[in-house]
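Below is one structure; the comments refer to it alone.
It should be emphasised that the depicted structure is a prediction, and the values quoted were computed from it without experimental measurement. Hydrogens, waters and symmetry mates are skipped; everything else that's a heavy atom, side chains included, is used.
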Amino acid sequence: MSSDFSLQFNGQYIHVIHAPDYEISPESNERLFTALAKACKEFQCLKVLAEGPKQTRRMTSLDAYQSGDTVASKMPGLKMAVCIYEYTPDETTRFFKNVAYNRGATIEFFNDKKKALKWLGIVED
């Protein structure tokens with residue numbers, strides 16, 4: 001499994017592209033959120049699209065809580081659309097979203113990039 005990703009700013013949002021074998025874990029989230037917070041500050045942008053194919057996850061409820069708390073504290077006001085093409089949100093996903101939301105970050109999960117961008121308020125040509 002991998003924790004590799006790339007970040008790029010396109011003028012409207014920060015685009016995170018996950019490696020095909022990306023694993024969601026406390027370690028990969030910490031690495032991602034640290035890099036993303038730096039990019040948000042550098043580009044003065046709090047809109048993020050994170051996308052990739054089906055991913056594996058190694059997270060407990062406590063890990064999901066800590067990740068939600070971390071993402072919101074590092075990037076207050078963040079609006080992030082997570083587009084994972086073969087993923088159905090579950091209880092852990094909902095818990096992570098709620099923790100982040102209650103601390104000032106809005107995160108939503110999608111499996112369609114156009115819907116994710118629309119939710120972010122992004123219009124692409």
Item checked: SG on C45 to OH on Y13, rounded to 0.5 Å -> 10.0 Å

Check: Any side-chain heavy-atom pair from C83 and N111 closer than 4.5 angstrom?
Finding: no

Note to self: In this structure, would V71 and L36 fall into the same cluster of hydrophobic residues linked by side-chain contacts under 4.5 Å?
What the structure shows: yes

Next item on the list: Hey, could you give me the CZ/SG distance between F9 and C40, rounded to the nearest 0.5 Å?
Entry: 9.5 Å

Next item on the list: Please report the closest heavy-atom contact between A100 and I107, naming both atoms and the distance.
Entry: CB-CD1, 3.8 Å

Note to self: On a heavy-atom basis, which atom in A64 and which in F95 lie closest, and how many Å separate them?
What the structure shows: CB-CD2, 4.0 Å

Check: Is a salt bridge present between R58 and E27, judged by a nitrogen-to-oxygen distance below 4.0 Å?
Finding: yes

Checklist line | M80 versus A50, closest heavy-atom pair with distance | finding: SD-CB, 4.5 Å

Check: So, for V16 and F5, which heavy atoms are closest and what is the spacing to 0.1 Å?
Finding: CG1-CB, 4.2 Å

Check: In terms of hydrophobic clustering (I, L, V, M, F, W, Y; side-chain heavy atoms under 4.5 Å; direct or indirect links), are F109 and I24 co-clustered?
Finding: yes

Check: Is L49 close to K113 at the side-chain level, that is, under 4.5 Å between some pair of heavy atoms?
Finding: yes

Margin query: Please find the pair of heavy atoms, one from S67 and one from M59, that lie closest to each other, and give the distance.
Written below: OG-CE, 3.4 Å

Next item on the list: Give, for atom CZ of F110 and atom CD of E51, the distance between the pair rounded to the nearest 0.5 Å.
Entry: 12.5 Å

Next item on the list: Calculate, to the nearest 0.5 Å, the distance between atoms CZ and CG belonging to R103 and N98 respectively.
Entry: 10.0 Å

Check: Is there a path of hydrophobic side-chain contacts, each under 4.5 Å between heavy atoms of I, L, V, M, F, W or Y residues, that connects L78 with L32?
Finding: yes

Check: OH of Y101: more than 12 outside heavy atoms within 6.0 angstrom?
Finding: no

Margin query: Is the positively charged end of K114 above the ring of W119, judged by distance under 6.0 angstrom from the centroid and angle within 45° of the axis?
Written below: no

Item checked: Flag side-chain contact, heavy atom, 4.5 Å: V48 against H15 -> no

Checklist line | Cluster link I84 to I14, ILVMFWY, side chain under 4.5 Å | finding: yes

Check: Between R57 and D90, is the closest basic N to carboxylate O distance under 4.0 Å?
Finding: yes

Note to self: Restricting to ring pair (Phe, Tyr, Trp, His ring centres under 6.0 Å), what partner residues turn up for F33, sequence neighbours left out?
What the structure shows: none

Check: Is there a donor-acceptor pair under 3.5 Å between the side chain of D69 and the backbone N or O of Q66?
Finding: no

Check: Hey, what do you get for CG (L120) to CG (L46), rounding to the nearest 0.5 Å?
Finding: 11.5 Å

Checklist line | Approximate separation, where rounding is to 0.5 Å, of M75 CE and T34 OG1 | finding: 8.0 Å

Next item on the list: Applying side-chain contact (heavy atoms from CB on, under 4.5 Å), run through Q55 and H18 and close with a yes or a no.
Entry: CA-CA 9 Å; Q55 300 173 358; H18 294 288; 3.2 Å; yes

Item checked: Electrostatic pair K74:E30 at N-O distance under 4.0 angstrom -> yes

